Amino acid sequence: MNRFKNSEWAVEARGLVKVFGDNRAVDGVDLNVRAGTIYGVLGPNGAGKTTTIRMLATLLRADAGSTKIFGYDVEKEAQIVRQLIGVTGQYASVDESLSATENLVIFSRLLGLGRAEAKRKAAELLEEFSLTEAAKRPLKNFSGGMRRRLDLAASLIAQPPLIFLDEPTTGLDPRTRNQMWDTIRRLVNTGSTVLLTTQYLQEADELADRIAVIDRGRVVAEGTVNELKASVGTSSLHLSIQNPQDMVEARHTIEQVLKVQSTVSPEGGKITAPMEDADKVTDLLIALREQGIQLVELSVQKPTLDEVFLTITGHGVKEDTSKESNEFNKVEVRV
Ligand SMILES: Nc1ncnc2c1ncn2[C@@H]1O[C@H](COP(=O)(O)OP(=O)(O)O)[C@@H](O)[C@H]1O
Ligand SMILES: [Mg+2]
């Protein structure tokens, strides 16, 4: 595998377009993913995330544009590219009557592992994904979350240098989601590159080195999480005071020191104000103490990714957690 690691870029996509009827599902997407990193493609339902991944992974032909995976062209060198990538969901047609162990052993054998090695690998992966207890159960008795984990486990048998994860945690409970995050971090620590899509702003924030925000088939913002947050502008001050009677005076003080307008949260009690300069917080604390205003809580925060998305696209993010199934079930391999 070493010869593949020489490329600095795991993914270089230029001007990708996919049109379904009169719907430009993907409308000129560029993506650059540096090898050894986690890259997040963030966008609401229907933004074009799955369609983009399927083009990158040789599963769908682009109408325009080109993609290189570790320097190999997905159109002209699809066979090499397929050896370099893993896609969650590509093993969706597993045998329902067989157990998790049996399924993983079959995939391992298909990939050329010996019998003992295949068994060892299956056991190791089931342990990693907390599926050891369910190892002997037939797949038809698995929950959606268990299937998702087995699916990721299956795609990791070959330990591909580049792993595509299409909404790996959509619909998972928080505990399983955290396990997935740990696994994804471990994959990258052991040398893989991960490109994941998500509708969860927090997920991109937690995991990704860089993020592309995608909306209606276009990349509307790209950068590190901090760059994206910074592009939205100021930090914001959040402050709660001890005595409600001090509210008017507290706001007056804040507005004088920071030279901005403050707002009070609808529930009352919490004052927020934009801040250009986090350093001003010292002046503010001194002024508040001189007034005898006691604080319960004070924080200076960067804008949340929700605020970032709203600012960039002009509309918020509707999360869709109703879908349990993975869209890679609709795999079509072109020839
Ligand atoms: N096979 C297909 N045929 C027709 N339209 C499709 C197909 N796949 C996706 N679309 C449409 O393309 C757009 C983007 O879909 P998709 O890539 O699945 O978005 P996301 O993964 O971000 O939710 C949507 O409007 C969707 O309805
Ligand atoms: Mg999708």
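In listed order, ligands and their atoms are each counted from 1. If you're wondering where the values come from, they're calculated on a predicted model, not measured in any experiment. Position 1 is the first residue of the sequence, and the numbers go up from there.
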List every atom of ligand 1 that sits less than 4.0 Å from any heavy atom of N45, numbering the atoms from 1 in the order shown and giving each element. 23 (O)

Quick check for you: to the nearest 0.5 Å, what is the distance between M146 atom CE and T176 atom OG1? 10.0 Å

Quick one: do the Y72 and Q79 side chains pair a donor with an acceptor below 3.5 Å? no

Check whether any N, O or S atom of T50, backbone or side chain, sits closer than 2.8 Å to the Mg ion (ligand 2). yes

I'd like to check whether A25 has a polar contact with ligand 1, where a contact means an N/O of the residue lying under 3.5 Å from an N/O of the ligand. no

Where does N23 meet ligand 1, judged by heavy-atom distances below 4.0 Å: at the side chain, the backbone, both, or neither? side chain

For T50, the ligand 1 atoms with a heavy-atom partner under 4.0 Å come out as 17 (O), 18 (O), 20 (P), 21 (O)

Looking at ligand 1, does any of its N/O atoms fall within less than 3.5 Å of an N/O of A47? yes

Side chain to side chain donor-acceptor pair (under 3.5 Å) assessment of R216 paired with N23: CA-CA 10 Å; R216 296 170 190 155; N23 176 10; over 6 Å; no

G21, P44, G46, G43: member with heavy atom nearest to atom 24 (C) of ligand 1: G46

Side chain or backbone, does T52 bring an N or O within less than 3.5 Å of an N or O on ligand 1? no

Roughly how far, to the nearest 0.5 Å, is OG of S7 from CZ of R34? 10.5 Å

Given side chains that start at C-beta, do those of T183 and R149 come closer than 4.5 Å, heavy atoms only? no

Atom indices of ligand 1, in the order listed, that fall short of 4.0 Å to a heavy atom of T51: 9 (C), 15 (O), 16 (P), 17 (O)

Using a 3.5 Å cut-off on N or O atoms only, is R54 in polar contact with ligand 1? no

Close side-chain approach of L162 to V81, heavy-atom, < 4.5 Å: no

Within a 6.0 Å radius of atom CD on E133, are there more than 12 heavy atoms belonging to other residues, nucleotides or ligands? no

